Amino acid sequence: MRLSRYFLPTLKDTPSEAQIASHRLMLRAGMIRQSSSGVYSWLPLGLRVLKKIENIVREEQNAIGCHEVLMPTIQPADLWQKSGRYDDYGPEMLRIVDRHQRDMLYGPTNEEQITEIFAGSVRSYRELPQMLYHIQWKFRDEVRPRFGVMRGREFLMKDAYSFDIDKESARRSYNKMFVSYLKTYERLGLKAIPMAANTGPIGGDMSHEFLILAETGESEIACHRDFIEMSLVNEDIDFEGDLKPIVDRFTTKYAATDEMRNPEAEKVLGDDLVTARGIEVGHIFNFGTKYSKPMGASVAGPDGKDVDVEMGSYGIGVSRLVGGIIESSHDENGIIWPDSVSPFEVGVINLKAGDADCDKACDDTYNTLLEQGKDVIYDDRDARAGAKFADADLIGVPWQIILGPRGLKNGVVELKNRKSGEREELSLESALSKISK
RNA sequence: CGGGGUGUAGCGCAGUCUGGUAGCGCAUUCGCUUUGGGAGCGAAGGGUCGGAGGUUCGAAUCCUCUCACCCCGACCA
């Protein structure tokens, strides 16, 4: 991508409404613009990151046999009247009346919709278990939206739903999703800790929240010190096998969000107790027949008798993750992306655009990287060096190849690593091979 | 929903108390000089001062109403 032709409206000054790092940086880096309170437009750079996160989430869902669908944002009110939630949900639900005076709503979640689809299509236990998900925009009319995309009213969520014939099977689906979530967050470069949670308005008997630690997190959490180091990295997981040992490993030690904290358990932990603030980036529920019963989602069991299916739902806040990742990874100059979600892998910075030799060297480098299949941003703008360096750091270009007349005269380029801040002068060939590692 | 705050050029702000030609920095456009970590000089463009009423010879400034946005708290991916 040539920066001179790209749409990247970066800001030198911080807009006054942005108080936390991720919100400030997303505005300054030209990732988003606010439309109204809690509602944002995604500009090219922000959208690139959003899509990268979305794709990782998608791959991990597909990997456990969860099938993607796409349900509408607008739902009919009678669906929700059937489940009894139309009145329960309150003013957080955005209600709409269409031209025929039918009551509609902008979906805050999709349990009713998916249950109806399932109920109309599946008749036998032989077709179970089944898991479906979609990645779709939601709207919840929050009392107080804040922190940019971290608590917007409109947000992108991956929500999955499981259908099983009995509790034991439902538990297996839950475990599958649980472990899949741990893997998903690791791929996103995040340390997410599962914590027992209240089931809230969605209901059910078992629920976990996944939180990442960050100073600006909205809830105060406490957990065993071991969670900080726990990881699934390099573990080859058989999702068709018994996942209970892994789930146990991540659930037996103490970890609780503020409303679930237990002072006695914390006392026992002593020095092993860590308290911090956390951002909720996922929430999974097992809620049995809460929706299947009222909405008639039953199947014939082995004995021919109808059984209400056991259900669960599993959410990941995709747009929130963009903010969450920035909260946990930035410095005073800008964003430091985990490799997996970085909008660009490498940048080429032309220090003297307009200089024939320098332009040629930069163009060649740019083309070579493109041929290698890299996501590359080429700063070919006619701007001063300082402005280019500042923008590259602001938007978090992980590797920056800096070419100027001075270095070219000596046959070297400068290679900068955004994360470590290291800079070194070396030949273009060495720089390219270092990046490819 | 309770409490607090802010709306003035694209962005950041001053001016409001004490009414009298709407300003500063950055950005933008043009010219010259510069060019390796957000350049210098000169010139230019850009505003219904959030909106509606009112007071006044005269309102960004005073009064009334209203809208939007932000922050703290209670609720949530």
Side-chain angles (χ1 to χ4, degrees), chain A residues 9-20 23-24 27-28 30 33-39 57 89-93 107-110 135-160 181 192 197-202 207-212 218-219 257-259 278-285 313-324 333-334 349-355 358 381-394 400 402-410 412-414 416 421 423 425:
Chain A
T10 57
L11 306 174
K12 205 148 98 176
D13 295 317
T14 301
S16 56
E17 75 269 17
Q19 297 298 316
I20 65 166
H23 191 195
R24 275 201 308 267
L27 288 167
R28 286 195 52 213
R33 286 294 182 264
Q34 180 167 345
S35 167
S36 64
S37 181
V39 181
V57 171
Y89 220 93
E92 274 208 4
M93 186 154 75
T109 175
N110 289 68
I135 299 173
Q136 177 65 289
W137 292 92
K138 308 289 189 285
F139 193 93
R140 295 184 189 170
D141 202 355
E142 298 274 347
V143 192
R144 181 152 99 86
R146 59 185 124 169
F147 302 150
V149 300
M150 301 265 284
R151 175 161 303 286
R153 292 192 294 171
E154 188 183 53
F155 58 96
L156 187 62
M157 180 164 91
K158 185 282 301 179
D159 41 322
Y181 271 35
N198 279 328
T199 52
I202 294 183
S207 174
H208 285 91
E209 286 179 19
F210 291 78
L211 289 101
I212 57 173
E218 291 193 76
S219 57
T257 55
D258 37 13
E259 77 272 20
I279 299 168
E280 184 183 354
V281 290
H283 201 158
I284 63 179
F285 302 86
S313 76
Y314 314 87
I316 289 183
V318 177
S319 50
R320 171 180 287 183
L321 275 168
V322 181
N333 294 323
I349 298 179
N350 185 340
L351 287 184
K352 200 169 172 78
D355 176 279
C358 199
R381 295 175 300 177
D382 180 19
R384 303 181 70 81
K388 296 187 177 191
F389 293 138
D391 275 345
D393 284 350
L394 175 62
Q400 300 166 18
I402 300 157
L403 297 93
R406 209 162 73 193
L408 290 174
K409 213 184 300 169
N410 304 320
V412 295
V413 302
E414 185 179 323
K416 174 174 171 178
R423 288 184 300 196
E425 297 211 320

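Keep in mind the model is a prediction, meaning the values are calculated, not measured.
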Notebook entry, point to check: Should A/R320 be listed as having a side-chain N or O under 4.0 Å from OP1 or OP2 of B/A77?
Noted result: no
Checklist line | Contact under 4.0 Å: A/S16 side-chain N or O vs B/C13 OP1/OP2 | finding: yes
Note to self: Does A/G152 reach a base, just sugar-phosphate, or nothing at all? Heavy atoms under 4.0 Å.
What the structure shows: base
Notebook entry, point to check: At under 4.0 Å, does any side-chain N or O of A/R144 touch on OP1 or OP2 of B/C75?
Noted result: no
Check: With respect to the side chain of A/R140, which nucleotide from B/C75, B/A39, B/A77 is positioned closest?
Finding: B/A77
Check: Looking only at atom P, what distance separates B/A44 and B/U61, rounded to whole Å?
Finding: 30 Å
Note to self: So A/R33, base contact, sugar-phosphate only, or nothing? Heavy-atom distance under 4.0 Å.
What the structure shows: nothing
Checklist line | Pairwise C1' distance, B/G50 and B/U16 [rounded to whole Å] | finding: 16 Å
Check: Applying a 3.5 Å limit to both distances, which nucleotide forms a Watson-Crick or G-U wobble pair with B/A22?
Finding: none
Note to self: Reading RNA chain B from 5' onward, which residue's closest nucleotide shows up sooner: A/I20 or A/M157?
What the structure shows: A/I20
Check: What nucleic acid atoms does A/E414 come within less than 4.0 Å of, heavy atoms only: base, sugar-phosphate, or nothing?
Finding: base
Next item on the list: Tell me what A/P9 touches on the nucleic acid: a base, only sugar-phosphate, or nothing, going by heavy atoms under 4.0 Å.
Entry: nothing
Checklist line | Proximal nucleotide (of B/G36, B/C72, B/G38) relative to the A/I402 side chain | finding: B/G36
Note to self: Taking the C1' atom in each of B/G7 and B/G45, what is the distance between them to the nearest angstrom?
What the structure shows: 25 Å
Next item on the list: Apply the test side chain to side chain contact (heavy atoms under 4.5 Å, CB included) to residues A/F389 and A/K416: give CA-CA distance (whole Å), side-chain angles for both, the deciding distance (0.1 Å), then the verdict.
Entry: CA-CA 10 Å; A/F389 293 138; A/K416 174 174 171 178; over 6 Å; no
Next item on the list: For the side chain of A/F147, starting at C-beta, report the closest nucleotide among B/C26, B/C72, B/C70.
Entry: B/C72
Margin query: Side chain of A/K352 only, heavy atoms from C-beta on: which candidate in B/U35, B/G73, B/G12 is closest?
Written below: B/U35
Checklist line | P spacing across the pair B/A14 / B/C62, given as an integer number of angstrom | finding: 15 Å
Next item on the list: Give a yes or no on whether the backbone of A/K158 and the side-chain of A/Y314 come within a donor-acceptor separation of less than 3.5 Å.
Entry: no
Notebook entry, point to check: If you check the A/A387 side chain, which of B/A77, B/G37, B/G38 turns out closest?
Noted result: B/G38
Note to self: On RNA chain B, compare the nucleotides closest to A/N333 and A/V281; which residue's is nearer the 5' end?
What the structure shows: A/N333
Notebook entry, point to check: Counting side-chain heavy atoms from CB outward, which of B/A77, B/G38, B/C69 is closest to A/E142?
Noted result: B/A77
Check: Distance between the P atoms of B/G31 and B/U6, in whole angstroms?
Finding: 43 Å
Margin query: Is A/S319 close enough to B/A77 that one of its side-chain N or O atoms is under 4.0 Å from OP1 or OP2 there?
Written below: no
Note to self: Need the pair for B/U35. Rule: Watson-Crick or G-U wobble, both distances under 3.5 Å, any strand; none if unpaired.
What the structure shows: none
Next item on the list: Find the partner of B/C1: check Watson-Crick (N1-N3 plus N6-O4 or O6-N4) and G-U wobble (N1-O2, O6-N3) distances, both under 3.5 Å, and reply none if neither fits.
Entry: B/G73
Note to self: Please report the distance separating the P of B/C11 from the corresponding atom of B/G47, rounded so that it comes out in whole Å.
What the structure shows: 14 Å
Note to self: Tell me whether A/K388 contacts the main-chain N or O of A/L351 through its side chain, where contact means a donor paired with an acceptor under 3.5 Å.
What the structure shows: no
Note to self: Please name the nucleotide paired to B/A14 by Watson-Crick or G-U wobble geometry with both distances under 3.5 Å, or report none.
What the structure shows: none
Checklist line | Heavy-atom check, side chain of A/E17 versus side chain of A/L27, under 4.5 Å | finding: yes
Notebook entry, point to check: If the P atom of B/A9 is compared with that of B/C41, how far apart are they to the nearest Å?
Noted result: 25 Å
Next item on the list: Give A/D393 one of three labels, base, sugar-phosphate or nothing, depending on what nucleic acid heavy atoms sit under 4.0 Å from its own.
Entry: base
Check: B/G36, B/C70, B/G12: which one has an atom nearest the side-chain heavy atoms of A/Q19?
Finding: B/C70
Notebook entry, point to check: Given B/U35, B/C71, B/G37, which nucleotide is nearest the side-chain atoms of A/F389?
Noted result: B/G37
Note to self: Which nucleotide wins on minimum distance to the side chain of A/E218, given the candidates B/G37, B/C75, B/A27?
What the structure shows: B/C75
Notebook entry, point to check: With sugar-phosphate meaning primed atoms plus P, OP1 and OP2, does A/A390 contact a base, only sugar-phosphate, or nothing at under 4.0 Å between heavy atoms?
Noted result: base
Notebook entry, point to check: Which nucleotide in the set B/C72, B/G36, B/U34 lies at the smallest distance from any side-chain heavy atom of A/R406?
Noted result: B/G36
Note to self: Taking pairing as Watson-Crick or G-U wobble with both contacts under 3.5 Å, can you name the mate of B/U29, or confirm there isn't one?
What the structure shows: B/A43
Notebook entry, point to check: For the side chain of A/R153 and the backbone of A/D141, is there at least one donor-acceptor N/O pair under 3.5 Å apart?
Noted result: no
Notebook entry, point to check: Looking only at atom P, what distance separates B/G40 and B/U34, rounded to whole Å?
Noted result: 15 Å
Notebook entry, point to check: Going through the checks in order, is the side chain to side chain contact (heavy atoms under 4.5 Å, CB included) test met by A/E259 and A/S219?
Noted result: CA-CA 9 Å; A/E259 77 272 20; A/S219 57; 5.9 Å; no
Next item on the list: Please report the shortest heavy-atom distance between A/A18 and A/R24, naming the atom on each side.
Entry: O-CG, 3.6 Å
Check: With both distances under 3.5 Å as the test, what is the Watson-Crick or G-U wobble partner of B/G7?
Finding: B/C67
Item checked: Sugar-phosphate only, base, or nothing, as touched by A/G404 at under 4.0 Å among non-hydrogen atoms -> base
Checklist line | A/R320 side chain vs A/M150 backbone, donor-acceptor pair below 3.5 Å | finding: yes
